[in-house]
Number of protein chains: 2
Amino acid sequence: MARQKQTELAVLCTLGVQPMTGYAVRAAIRDQLGFFWSESFGQIYPTLAALLARGDVEKHEGTRPGSSLYSLTHAGRLRMISLLEQPDSPTPRRDGFMLRLFFGRSLGPDACRALVEQARDRARQQLAVYEALHAQVESETDYLQHQPYWLITISAGEHTTRAAIAWADETLAKLDSDRDAYVR
Amino acid sequence: MARQKQTELAVLCTLGVQPMTGYAVRAAIRDQLGFFWSESFGQIYPTLAALLARGDVEKHEGTRPGSSLYSLTHAGRLRMISLLEQPDSPTPRRDGFMLRLFFGRSLGPDACRALVEQARDRARQQLAVYEALHAQVESETDYLQHQPYWLITISAGEHTTRAAIAWADETLAKLDSDRDAYVR
DNA sequence: TTGGATTGTATCTAAAAGATATGTCTAGCA
DNA sequence: TGCTAGACATATCTTTTAGATACAATCCAA
């Protein structure tokens, strides 16, 4: 995503929940947005510096020497909302798993079968993670106003993952029954 | 995806189906892999040059002056298979739509509703595209040995898209019934 | 008390996104 | 016949991102 500064948006949003250090921003993005977002570590400090220069965030002394707490300014909050309201230009997908299946003829039916089985197992584990997270967020009382929105995104993960499992089961059945079609 | 040269794999695979020009490689990736892969235009020519230098592809005169047809060498085919067999290290997701919903409290319930409706409409259109493509590939006889693998990836798209529609319907119903929970 | 895990800041390289420049060939049409 | 719009084709450039890595302080536990 050149030309878009999506990192800025993610950092602003994360600081919008509560003030924190750059390190904590990284941890929050990894732990809370990890299912649909990732932030390259090396981008966070330069982005914080740019936001500071623009006046979108403020820097305060942290709890230990050398550490800094960043918090949103009023301008930063306005900018966050304006960025959130802009249409999302989706980043191009690069799904190496699908690429491998598409060229499955070169890979051979056995290797493809193994890939699909792997994908199904990973999806099952993933579903369990989503379900546990769902229950945890539902019982949490710290961020009541955020909670329903967080549940929406978790529900999206559950739907997608269940679909992946169903597709994998169906595909494995097809690989078994039409074995002759999947020649190398 | 630093450190991975996924472009090389995609280009090798595309040339594996039949020899073509750089321009045609780009078109094939856009038209055939577009649902799960995208190749940055500016990467294709440098990648072809690198593959040529390694001896993985050969360059021949094209149909018109100045154009070149690239084809896989034996070494290139071996390398393609070896890359296909390597485990796929998934590229990190950056889903701006989910990011916006996660921070939906800052965006407000009405804007979120509009986003979900938009996503549902886009998914419906997408499903129609997948279904048409499914029928088309099924009736095609040019690439019989590739066909079943291509259908597997199309089926994955259909499953995912149906799940997205179901999630959107469910989410819209929730936004209507629990209106009070989604305060700004 | 040492040593491993966590917190915290910062920089570097390589790869990718996407815009853009440039030129040729072909088909339609005025 | 000449013109022009659009497809074909190659190539380069800048900004953003991925991901590795370096370095140091602090905390905790064996």
Side-chain angles (χ1 to χ4, degrees), chain A residues 1-11 14-15 19-31 33-34 36-53 57 59-70 83 88-96 99, chain B residues 1-11 14-15 19-31 33-34 36-53 57 59-70 83 88-96 99:
Chain A
M1 284 300 69
R3 342 259 131 171
Q4 266 193 100
K5 310 222 182 193
Q6 305 224 57
T7 300
E8 261 188 28
L9 174 58
V11 170
T14 306
L15 288 176
M20 54 184 109
T21 65
Y23 183 83
V25 168
R26 178 225 184 190
I29 290 177
R30 176 179 17 83
D31 298 340
L33 311 183
F36 52 85
W37 200 266
S38 91
E39 211 43 73
S40 143
F41 191 22
Q43 287 290 103
I44 288 177
Y45 288 102
T47 299
L48 281 172
L51 290 173
L52 190 62
V57 301
K59 190 178 181 176
H60 302 101
E61 265 308 293
T63 45
R64 37 164 103 183
S67 80
S68 318
L69 267 187
Y70 292 90
L83 286 175
D88 152 49
S89 51
T91 72
R93 296 182 56 195
R94 299 195 112 192
D95 187 329
L99 185 75
Chain B
M1 282 299 66
R3 341 260 133 167
Q4 263 191 104
K5 309 221 184 190
Q6 306 225 54
T7 299
E8 262 190 28
L9 174 58
V11 170
T14 306
L15 288 177
M20 54 184 113
T21 65
Y23 183 83
V25 169
R26 178 225 185 191
I29 290 177
R30 173 176 25 79
D31 299 339
L33 312 182
F36 53 84
W37 198 266
S38 92
E39 211 41 75
S40 145
F41 193 21
Q43 288 288 104
I44 287 178
Y45 288 103
T47 299
L48 282 172
L51 289 173
L52 190 62
V57 300
K59 191 177 181 175
H60 304 101
E61 265 309 292
T63 46
R64 35 164 103 186
S67 80
S68 318
L69 268 186
Y70 292 90
L83 285 175
D88 153 49
S89 51
T91 70
R93 294 183 57 194
R94 299 195 109 191
D95 187 330
L99 185 75

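The basis for the numbers below is simple: all heavy atoms, side chains too, and nothing from hydrogens, waters or symmetry mates. Every chain is numbered from 1 and lettered A, B, ... according to where its sequence line falls, protein lines coming before strand lines.
The shortest non-hydrogen separation linking A:Ser68 to A:Lys59 is OG-CE, 3.3 Å. Minimum heavy-atom separation, A:Asp95 to B:Trp37: N-CE3, 3.5 Å. Across all non-hydrogen atoms, the minimal contact from B:Ile44 to B:Gly22 is CG2-O, 3.9 Å.
Between the CD atom of A:Glu8 and the C1' atom of D:dT16 there is a distance of 12 Å, given to the nearest Å. The CH2-P distance, from B:Trp37 to C:dA17, rounds to 9 Å in whole Å. The distance from atom CZ of A:Phe41 to atom P of D:dA20 is 12 Å, rounded to the nearest whole Å. Computed from coordinates, the B:Leu51 CG to D:dT10 C1' distance equals 16 Å when rounded to whole Å. The separation between B:Lys5 atom NZ and D:dT17 atom P is 22 Å, rounded to whole Å. If you take CD1 of B:Ile44 and C1' of C:dG18, they are 13 Å apart, rounded to a whole angstrom. Distance CG (A:Leu52) to P (C:dA10): 11 Å, rounded to an integer number of Å. Between A:Arg26 atom CZ and D:dG19 atom P the separation is 13 Å, expressed in whole Å.
The nucleotide whose nearest atom lies closest to any side-chain atom of A:Ser68 is, among D:dA18, C:dA17, C:dT9, C:dT9. With D:dT12, C:dA17, D:dA18 as the choices, the nucleotide that has an atom nearest any side-chain atom of B:Arg94 turns out to be D:dA18. Residue A:Glu39 has its side chain nearest to D:dA18 when only C:dA16, D:dA18, D:dT10 are considered. Listed nucleotides: D:dA9, C:dT9, D:dA18. Nearest to the side chain of B:Thr21: D:dA9. Of the candidates C:dG8, D:dA18, D:dT10, D:dA18 carries the atom nearest the A:Ser38 side chain, counting heavy atoms from C-beta on.
Between A:Gln43 and B:Gln43, the residue anchored closer to the 5' end of DNA chain D is B:Gln43, taking for each the nucleotide with the nearest heavy atom.
Between B:Glu39 and A:Arg94 there is a salt bridge, since a side-chain N of the basic residue sits under 4.0 Å from a carboxylate O of the acidic one.
For the OP1/OP2 pair of D:dT10 and a distance below 4.0 Å, the side-chain nitrogens and oxygens of B:Tyr45 include at least one atom meeting the criterion. Within the structure, every side-chain polar atom (N or O) of B:Tyr23 is placed at least 4.0 Å from both OP1 and OP2 of D:dT10. Listed pair B:Thr7 / C:dA16 meets the phosphate criterion, a side-chain N or O lying under 4.0 Å from OP1 or OP2.
A donor and an acceptor atom sit less than 3.5 Å apart, one in the side chain of B:Ser40 and one in the base of C:dA17.
The backbone N or O of B:Ser38 lies less than 3.5 Å from no partner atom in the side chain of A:Arg93, so there is not a single donor-acceptor pair.
Heavy atoms of B:Gly42 sit under 4.0 angstrom from at least one base atom.
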